[in-house]
Amino acid sequence: MASNHSVSGEEAKRHKLEGPQKHIVAFVLSLALTIIAFAAVAAGEINTTFTYIILVVMALIQVFVQLAFWMHMKDRGHLFPIICILSGVFVVFAMVIMAVYWVWW
Amino acid sequence: MSAHQHVEGHLPHEPEKATLEGRNKVLGFWIFLGAEVVLFGTLFSAFIALRHQVLDGPHPSHLFELPMVFAATMILLTSSLMSVFAVQAMHRNKMKALIGWLFVTIILGLAFLGLEIYEFNTYVSEGHKMNTSAFSSSFYTLVGFHGAHVAFGVLWISLLIAQLFKKGLTVVTAPKIYLSMIYWHFIDVVWVFIFTVVYLMGKVG
Amino acid sequence: MKRILPLLAGMALLLSACGRADLSTLDPQGPVAQKQFDLMKISISIMTLVVVVVFAICVYVLVRFRRRKGDKTIPKQVEGNHKLEIIWTVIPLVLLLILGVPTIQSVFGMATDYSKDKNAIQVKVTSHLYWWEFEYPQYGVTTAQELVVPTGKKISFELVSADVKHAFWIPSIGGKMDTNPGSSNRMYLEFPKEGVYRGKCAELCGPSHALMDFKAKSVSPESFDRWIAAMKAPASMPADPKLAETFRSKCLACHAVGDQGTNGAPNLTGIGGRQTIAGILYNSDVVADPQPEDKTTVENLKEWITDPQKVKPGNQMPSAADNQLTPEEIDGIAKYLAGYKLDY
Amino acid sequence: MATHAAHAHAHAHTHTVKRYKGLMDWLTTVDHKKIGILYLLAGFIFFLVGGLEAILIRIQLMKPMNDFVAADTFNELLTMHGTTMIFLAAMPMLFALMNAVIPLQIGARDVAFPFLNALGFWTFFFGGLLLNISWFTGTVPDAGWTSYVPLAGPTYNGTHGVDYYVIGLQIAGIGTLLGGINFMATIINMRAPGMSFMRMPMFTWAIFITSVLIVFAFPVLTVGLVAIMFDRLFQANFFEVGGGGNGVLWEHIFWVFGHPEVYILILPAFGVISEVVATFARKRLFGYSSMVFAIVLIAFLGFMVWAHHMFTTGLGPVANALFSIATMLIAVPTGVKIFNWLFTLWGGSIKFTTANLFAVGFIPTFVLGGVTGVMLASAPADYQYHDSYFVVAHFHYVIVGGLILGIFAGLHYWWPKMFGRMLNEGLGKLTFWTFFTGFHLTFFVQHFLGLLGMPRRVWTYLPNQGFETMNLISSIGAFLMGIGTIVFVVNVIIAWAKPRNAAADAWEDGRTLEWSIPSPPPEYNFKQIPLVRGLDAWWKEKMDGKTAMTPAEPLGPIHMPSPSILPLIMSIGLFIAGFGFMYQNHWVAAGGILVTFVCMFLRSVYDDHGFHIDPEEEEVQA
């Protein structure tokens, strides 16, 4: 039996105590990352490739933050969710490479 | 209406995972989200492959307006935070707070949808229609799929609020609330890629 | 599977018996097909080895370890054997390496681009619903259905489709390449020997996909130059002025001969000397090996002009009735076209 | 409301749930065993339809320039044959085996989501029905099962034919995706105590990985079909060259889905063969852990090789080289499996039942299909093989010679478990020999037809090209396969008339949990959930001299989910909406969608309390 649900007393307590602070930090972080991305585009002075890199990096960090904190993927018992999302990402990664390089060859 | 009125006996600490049905639902939903990752990934791939095929339609750098996209982003981001608070309220067994946060979440969701409809309307009037070019087709399909997910989420959460009033917070309703909140975050995660890949990169050119 | 081994041997024999040299991939007529055939031979040898080993173990096991009637013994429950498992992981890897190296070499070799090569003949192939257009941009010449190339030169193809996706394939000369609408592909072929080779469309493209054949004719370089000159010469129109006018108004609205007409439909210059009408009706008075069922060029032309849908369902050519051609006009045009031969 | 356990005892005998009989029972069932039978029945009917299409194709190709069917009819036949066989015959028959066996093999009372399971069946069924209704409306899909654009696009395909393909597959695809999610969750969450991942039977492993492939491959098809549907119905420009679209994009999308799809088809067959061979050799599966690793590796590589279907599309030498090598690598784990099967047989005590004949027939046949796969992987040689009859021979060797032989092996093996009746062994062996001989006759020669220059999907061929003899042989073989299938049907009908007397351990050498319970199993499968003490749980108990599994729970009332008509109605809603979209009638479309949404609403609002069965009571009553 998959035992990804055993909730010990201590952990339950930890959950009870978990306050909103961490999530507000995650929110502020997401906010900052979003603003950086928009600012990089709004400024319009930087060269295109560099802007692209900033945008992609900001998006990836933000998604990581949201998955980890808001979707609880950092918590215990989330092995299969992590596998599911990562497998999806793996397939998508292959397809995005295809889209960027091969379609117009 | 007080919170404990609806909770008979002891509701477990993580009511969404208290029963095998609940655990099945949570796991099954994550698997579904894995499939959704691929679904949106494919839409993104198609968009990336076709996004330069503008033809005679308006160019994305003229079409998109950053303030509007920024507003939409903020709305969705905030609603995601609200849904985190909802789950926390649920874990603390606070019905009133839970319903309150859920309510704020769907209000923000509706605001986002309204903004999107307004945006699409503007684009169509500017000559950016479904059949204008490969760029416009893939744009409307990708962003529209996301919008449809938001709309479904709003309907779903509204239905759950109604169920909370009727049935209270139980081991049957708790997994539903939990899943709808995970779903809502997922929509927000997808939006991060949409504003990055579609709007910001479109603006850059 | 006991029947498969003798079948395999029998097939190998059968192969040498049937299959046409101008069509089979197993009897290559050019270096590209040869290289591909060599790769096939390597892979077939390796794979035959694998098949023989597996079949041998299989037959041995099935015969040796049959259960006798009433046998109640429990065989030893073996978990596995690391040594054996490593062997049958490593050996296939080595075999694949043997196949992989020449594969990669040929992939890059065959992708060589001769489009800028002055010595290569450039041919732009445009596939249409059920016919092939061949344009020679170096010479300003366009022909259809019968590709004419000189021996001993690299032929550099640019492949594109005018409508749906097709695939350009001359099996005995070299492998195929798709013709995509909207973007062009490149490949090259070589024809060391003079001859006529059969070409086919290899991608489902509609009802007459099966009948979308063409011919590739390789001739000596001198002969090729004469052909180019003949193609560029002014058109020879029907002698009878009334027939010429009918031909001009009805046929040349889509077709072309010499400097007349347009290339919306197959170019008819020198059609009387071609192997086939419509790519599939063999002209008994032209081909080297006429079959009993083959008809003459005139008969084939008449059949085609009268009812093209009967010959190639779904093609774009209007029937004689649609064109309001009288039997006399059909007869006249067929005779004129059959006599329209180029001297090269 | 109290927690679940307390609730169960308090209401054990008070809940009255309406239990249907007869037809309504089948329409409302959420029992995995019955759903398995429904999948089998529907899948087999579609198999017969697809087989009939194949026979018509082979009659047309029996002689050169034949005019048995018209050119456009032929294209419809080949499209519907491919689509039907893959989506409506092979996959449902696999789902039949999955449903019938997986919960039993892992010691569970049902799947994780019984309601979704029923919904999955009905959406598949109505999707398939919609696709086949095209034969009666006169506009049949005719662009091949791959539906390459622009041939399948609105410009060159103006009738509703391809719409049936797009919408039919979209609806059927929902069912498949639900099934994949369901079985993944079932296998992860519902295993009996003691059954760790590395104690799962090989068939369960195969289905687990198959489900993973379904979950990550089908959404790609969904998007592809949406795009082509938007192109056709709403004048979008995904693949329309004139509007800036790109047909190669469709090829990529289709094959990113399509290649994992062929592993979705073959992996379950691998699982079946592993079970059957081990049982009838009375031996533990050789190299269990390497078998598991091989399956996982095949699935992983399966997502990185799609472009080998597109070597001639013109992707350039770098892509072709990479995809060549990646494709060749798949041969290694596949080879591992083949040798493991052979060495499972080695030293065993092999009994040649019909099921085992199909299994040992599978091994060499699949090897032949596999080696031609490696040959195809070599890109430059593939420029010759591609879209020729060589490819037709190759994929029929892996799909018919692999999957269909595997399904037949599985059906003969699990038939007593599913229906409580044994199939006749004599007729079974006749099925095997006619089908097997017919198969090799049909497809072996096709390798050479391809090498001699015959392209695939041709309606007819000219005489004097050296194709005549082999095409005739091929057609004769097809008839033989047809006879084999008919013999199977006769066998089933005869078995039907016989009493239900199959033993629990019907083959006496059963190794896995399903053989520890009666044939067919009671509604709740296990009176008490068994405790699993090792790989081949049931075999282990038998070897220790026990006659039953050790229970892992006390006897007690068993909670069962209620039957529901909603899955059927939801699927009908989608079916109606499909026609609405196709014929651009927005009211019908909206009405159909509304039906589906109302069902979802009802399902969400009314909690399913289920009902309870007391096994002791039932036995007394019986």
Side-chain angles (χ1 to χ4, degrees), chain C residues 1 11 15 18-20 23-26 36 39-40 43 47 50-51 54-55 57-58 61-62 65-67 71 74-75 77-78 80 85 88-89 92-93 96 99-100 103-104 106-108 110-111 164-165 167 171 175-178 180-182 185 200 202-205 207-208 210 280 291 313, chain D residues 71-72 75 144 148 150-151 156 241 247-248 282-284 286-287 290 312-314 317 320-321 324-325 328 331-332 335-336 338-339 342 345-351 360 363-364 367 371 374-375 378-381 383-384 386-387 444 448 451-453 455 457-462 464-466:
Chain C
M1 62 255 104
M11 277 304 145
L15 281 181
C18 63
R20 299 175 59 107
L23 180 62
S24 172
T25 64
L26 300 175
Q36 285 159 339
L39 257 180
M40 282 188 209
S43 54
M47 292 309 139
V50 173
V51 167
V54 173
F55 280 25
I57 298 176
C58 194
V61 165
L62 294 182
F65 299 105
R66 298 193 313 279
R67 189 183 300 177
D71 183 358
I74 303 293
Q77 303 291 308
V78 188
E85 286 169 45
W88 61 58
T89 311
L93 272 174
L96 290 181
L99 180 58
T103 293
I104 292 181
S106 314
V107 166
F108 286 96
M110 284 176 195
V164 304
K165 190 180 170 81
K176 63 188 76 61
M177 184 68 101
D178 293 355
N180 297 320
N185 278 332
K200 291 189 178 286
E203 182 67 61
L204 180 65
C205 54
S208 281
I280 48 167
Q291 302 292 324
Chain D
D72 43 0
N75 286 354
Y148 272 16
L151 184 64
Y156 295 96
V241 177
V248 177
R282 278 190 186 149
K283 259 188 78 199
R284 184 195 151 108
F286 190 90
S290 67
T312 66
T313 299
N320 281 3
S324 274
I325 299 304
M328 286 180 189
V332 177
V336 167
I338 298 281
F339 283 109
L342 289 177
L345 291 166
W346 190 291
S349 165
I350 307 169
K351 188 178 179 189
V360 297
I363 297 173
V367 167
V371 295
V374 178
M375 290 169 67
S378 175
Y383 299 160
Q384 290 284 26
H386 183 84
D387 266 339
F444 194 75
F448 299 100
L451 295 177
L452 295 183
R457 291 168 162 176
V458 287
W459 153 60
T460 189
Y461 49 93
L462 299 176
N464 312 313
Q465 303 192 95

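Bear in mind that the values here come from a model prediction, so they are computed numbers and not experimental data. First the proteins, then the strands, lettered A, B, ... as listed; each starts at 1.
With chain D as partner, the option from Leu99(C), Ile74(C), Ile104(C), Leu204(C) having the largest number of non-hydrogen pairs under 4.5 angstrom is Leu204(C). Among Ala71(D), Ala381(D), Ala379(D), the residue making the largest number of heavy-atom pairs under 4.5 Å with chain C is Ala71(D). Here Asn464(D) is the residue among Asn464(D), Val241(D), Ile325(D) with the most heavy-atom pairs under 4.5 Å with chain C. Counting heavy-atom pairs closer than 4.5 Å to chain C, the top residue among Arg282(D), Lys351(D), Arg284(D), Arg457(D) is Arg282(D). The candidate with the highest count of non-hydrogen atom pairs below 4.5 Å against chain C, out of Val332(D), Asn320(D), Asp72(D), is Val332(D). Between chain D and the options Lys176(C), Met47(C), Arg66(C), Gln36(C), heavy-atom pairs under 4.5 Å are most frequent for Lys176(C). Counting heavy-atom pairs closer than 4.5 Å to chain C, the top residue among Gln384(D), His386(D), Lys283(D), Met328(D) is Gln384(D). If you tally non-hydrogen atom pairs under 4.5 Å between each of Ser324(D), Pro380(D), Gly247(D) and chain C, the highest count goes to Pro380(D). Interface remark: of the candidates Gly182(C), Ala111(C), Pro181(C), Pro181(C) forms the most heavy-atom pairs closer than 4.5 Å to chain D.
Residue Thr103(C) comes nearest to Leu39(C) through the heavy atom pair OG1-CD2, 3.8 Å, listed as atom of the first residue, atom of the second, then distance. In this structure, Glu85(C) and Gly80(C) approach most closely via the heavy-atom pair OE2-CA, 3.7 Å. When all heavy atoms are compared, the tightest approach of Pro150(D) to Tyr156(D) is O-CB, 3.6 Å.
Listed by chain and number, the residues in a salt bridge (charged side-chain N to carboxylate O under 4.0 Å, His left out) with Lys165(C) are Asp178(C), Glu251(D) (sequence neighbours excluded).
In this structure the side chain of Leu342(D) reaches within 4.5 angstrom of the side chain of Cys58(C), judged on heavy atoms.
Ring pair Trp88(C)/Phe286(D) is tilted by interplanar angle, where 30° to 60° counts as tilted.
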